[in-house]
Amino acid sequence: MDHPRPCGCKGRRTCLSCEAEFGIERSDFYRTFQKCQAFVYCPRCDKIYPGWDVEKILAEHSDTPAHGGESGEDYPGVYIDLEFLSSEEEMKLLRGLDELPWDVSQSGRRKQNFGPKTNFKKSRLRAGQFTGFPRLSEFVQRRFETVPLLATFQTIEQCSLEYVPERGASIDPHIDDCWIWGERIVTVNLLSDSVLTMSPYHGAEARTKYNLHFLDQYRSHLIGQLVDEKTLATYEERIVRIPMPRRSLLVLYGPPRYQWEHAVLREDIKERRVCVAYREFTPMYLQGGSEYSQSEEIFTRAKQFWDHRTVCAES
């Protein structure tokens, strides 16, 4: 089943539709992770606490004493703004996105992608049909400028992803590509709460997976200091559950970006959820970097915003 199926899935990626139609047995990450020692990240105190139930741990922050008096453990490389968007801004953004066409994607998701053409296997980049971003979402990028962690963030890709329980939508554990996408992984969450489940990646496979070997070229530019393999080994058989509340902003960087895989479990999708993900280039493709000649035109196009209503009318 390596070829794409009508639902959009291929390879080991599955949704409820193709599992039923082709009798495919899905990878049960939920059951696997439940055998691990689970922790939940509390965005109000920036610590992790033992437990699986995100809502329970968040509620314990308001108790006296908070979290039963536990001090929690550090889990650096996570930033959450719980009230990044207002209810009105959320609805305005979602209405605009739903006026644009959605494409089928893998694992029961739908997507909208605005960005350059990338070939992760051959490390090739070109502008393609990229002409910038829909103006309806411009205010989101402008607001990044008010977040100190994102002060130098230059959006080069914007991707909307829709998760619904009816399709069994999910995304398997993975690390975002390290050849082209930079350190800060930015996500704005809409419509419903969900959870990002983190599991340590020990690099048992070749370092070419996820293009992690490119990290050697810009390790000195990282915002978050990575941990050594001995320290990472102490997290064996652990997972960390990061809440993604409705209307919140989530940024991953440092160790959670490069040394942990992240996943959205099917079991954590209770109702329709839309997230808008933003990516930046790695330092090689920034101004002054060795590959800037390939990305200069893309940066120019990334400053453009177009009226989606005009585009939809023309199509």
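For the atom pair CG of Leu136 and CG of Asp98, the computed distance is 10.5 Å after rounding to the nearest 0.5 Å. Taking NZ of Lys92 as the start and OG of Ser86 as the end, the distance is 9.5 Å to the nearest 0.5 Å. The CG atom of Asp177 lies 7.5 Å from the OG atom of Ser123; values are rounded to the nearest 0.5 Å. Going from atom CD of Glu229 over to atom OG1 of Thr234 covers 11.0 Å, rounded to the nearest 0.5 Å. A distance of 5.5 Å separates CZ of Phe139 from CG of Leu85, quoted to the nearest 0.5 Å. With rounding to the nearest 0.5 angstrom, the CG atom of Leu94 is 6.0 Å from the CG atom of Leu190.
Checked by atom type and distance alone, the side chain of Arg135 pairs as donor or acceptor with a backbone atom of Phe305 at under 3.5 Å. A donor-acceptor pair is defined here as one N or O able to donate and one able to accept, closer than 3.5 Å; such a pair exists between the side chain of Ser194 and the backbone of Asp268. A distance-only check finds no donor-acceptor pair linking the side chain of Arg13 to the backbone of Gln106 [under 3.5 Å]. A donor-acceptor pair under 3.5 Å links the side-chain atoms of Asp28 to the main chain of Arg31, judged by distance alone. When atom types are taken as modelled, the side chain of Gln154 and the backbone of Glu280 share no donor-acceptor pair closer than 3.5 angstrom. With Asp63 contributing its side chain and Pro65 its backbone, the two residues share no donor-acceptor pair below 3.5 Å.
Stacking of Arg184 on the aromatic ring of Tyr253 is not recorded, the 6.0 Å distance cut-off and the 45° axial limit not both being met.
Hydrophobic clustering (side-chain heavy atoms under 4.5 Å, transitive across Ile, Leu, Val, Met, Phe, Trp, Tyr) keeps Val264 apart from Val104. Side-chain heavy atoms closer than 4.5 Å link hydrophobic residues (I, L, V, M, F, W, Y) into clusters, and following such links, possibly through other members, connects Leu249 to Val140. Note: the hydrophobic cluster containing Val195 does not contain Tyr79 (ILVMFWY, side chain heavy atoms under 4.5 Å, direct or indirect links). Side-chain heavy atoms closer than 4.5 Å link hydrophobic residues (I, L, V, M, F, W, Y) into clusters, and following such links, possibly through other members, connects Val251 to Val276. Connection of Ile175 to Val78 is not established within any shared hydrophobic cluster, with ILVMFWY side chains joined at heavy-atom distances below 4.5 Å, either directly or through further cluster members.
When all heavy atoms are compared, the tightest approach of Cys15 to Gly108 is CB-N, 3.5 Å. Here the closest heavy-atom approach between residue Cys42 and residue Leu58 is recorded as CA-CD2, 4.4 Å. Summarising the geometry of Arg279 relative to Trp181, their closest heavy-atom pair is CB-CE3, 3.6 Å, with the distance given to 0.1 Å. Considering all non-hydrogen atoms of both residues, Thr155 and Ala302 come closest at O-CB, 3.7 Å. Residues Val227 and Gln259 share a closest heavy-atom pair of O-NE2, 2.7 Å. Considering every non-hydrogen atom in both Leu16 and Gly168, the closest pair reads CD1-N, 3.5 Å.
Remark: Lys56 pairs with Asp53, Glu60 by the side-chain contact (heavy atoms from CB on, under 4.5 Å) rule, at least two apart or across chains.
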Would you tabulate the side-chain donor-acceptor contacts of residues 283-294 under 3.5 Å, counting partners in other chains and residues two or more places apart, or write 'none'?
residue: Tyr285; atom: OH; partner: Trp179; partner atom: NE1; Å: 2.8
residue: Glu291; atom: OE1; partner: Gln294; partner atom: NE2; Å: 2.7

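In this structure, the side chains of Leu196 and Met198 come closer than 4.5 Å at one or more pairs of heavy atoms. His174 is listed as a side-chain neighbour of Asp176, based on a closest heavy-atom distance under 4.5 Å. With a 4.5 Å cut-off on side-chain heavy atoms, Arg257 and Ile223 do not count as touching. Using a 4.5 Å heavy-atom threshold, the side chains of Val274 and Leu93 count as separate. At a threshold of 4.5 Å between non-hydrogen side-chain atoms, the residues Phe114 and Cys159 do not count as touching. Two residues are said to be in side-chain contact when any heavy atoms from C-beta on lie closer than 4.5 Å; Asp193 and Met244 fail this criterion. Using a 4.5 Å heavy-atom cutoff, the side chains of Phe29 and Ser170 are not in contact. Side-chain contact between Leu252 and Trp260 is absent, with no heavy-atom pair separated by less than 4.5 Å.
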Practice problem: Check the pair Ile298 / Arg301 against side chain to side chain contact (heavy atoms under 4.5 Å, CB included), numbers first and verdict last. | Solution: CA-CA 5 Å; Ile298 295 171; Arg301 298 188 187 191; 5.7 Å; no
Self-check item: Derivation and outcome, side chain to side chain contact (heavy atoms under 4.5 Å, CB included), residues Lys47 and His67
Solution: CA-CA 10 Å; Lys47 302 281 186 179; His67 300 290; over 6 Å; no
Quiz prompt | Residues Arg44, Leu82; criterion side chain to side chain contact (heavy atoms under 4.5 Å, CB included); working and verdict | solution = CA-CA 9 Å; Arg44 294 185 174 89; Leu82 292 171; 4.0 Å; yes
Practice problem: Verify side chain to side chain contact (heavy atoms under 4.5 Å, CB included) between Ile180 and Phe214, making sure each step is shown before the conclusion. | Solution: CA-CA 9 Å; Ile180 195 67; Phe214 280 96; over 6 Å; no
Exercise. Dump the intermediate steps for salt bridge (Lys or Arg N to Asp or Glu O under 4.0 Å) on Arg26 and Glu267, then the final yes or no.
Key: CA-CA 13 Å; Arg26 67 184 290 259; Glu267 292 77 7; 3.7 Å; yes
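The aromatic ring centres of Phe153 and Tyr278 sit 6.0 Å or more apart. Aromatic rings of Phe39 and Tyr75 (six-membered ring for Trp) have centroids beyond the 6.0 Å cut-off, not under it.
Within 6.0 Å of the CD atom in Gln34, the count of heavy atoms belonging to other residues, nucleotides or ligands exceeds 12.
Residue Asn189 is tested with Arg246, Arg273, Arg247 for a side chain to side chain donor-acceptor pair (under 3.5 Å); the sole match is Arg273. Considering Arg272, Arg109, Lys111 in turn, Arg272 is the only one that fulfils the salt bridge (Lys or Arg N to Asp or Glu O under 4.0 Å) rule with Glu162.
The closest side-chain donor-acceptor pair between Tyr218 and Glu183, if any, does not fall under 3.5 angstrom. Using a 3.5 Å distance cut-off with no hydrogens or angles, the side chains of Arg110 and Ser105 do not pair a donor with an acceptor.
Between Glu138 and Arg142 there is a salt bridge, with a side-chain nitrogen of the basic residue lying less than 4.0 Å from a carboxylate oxygen of the acidic one.
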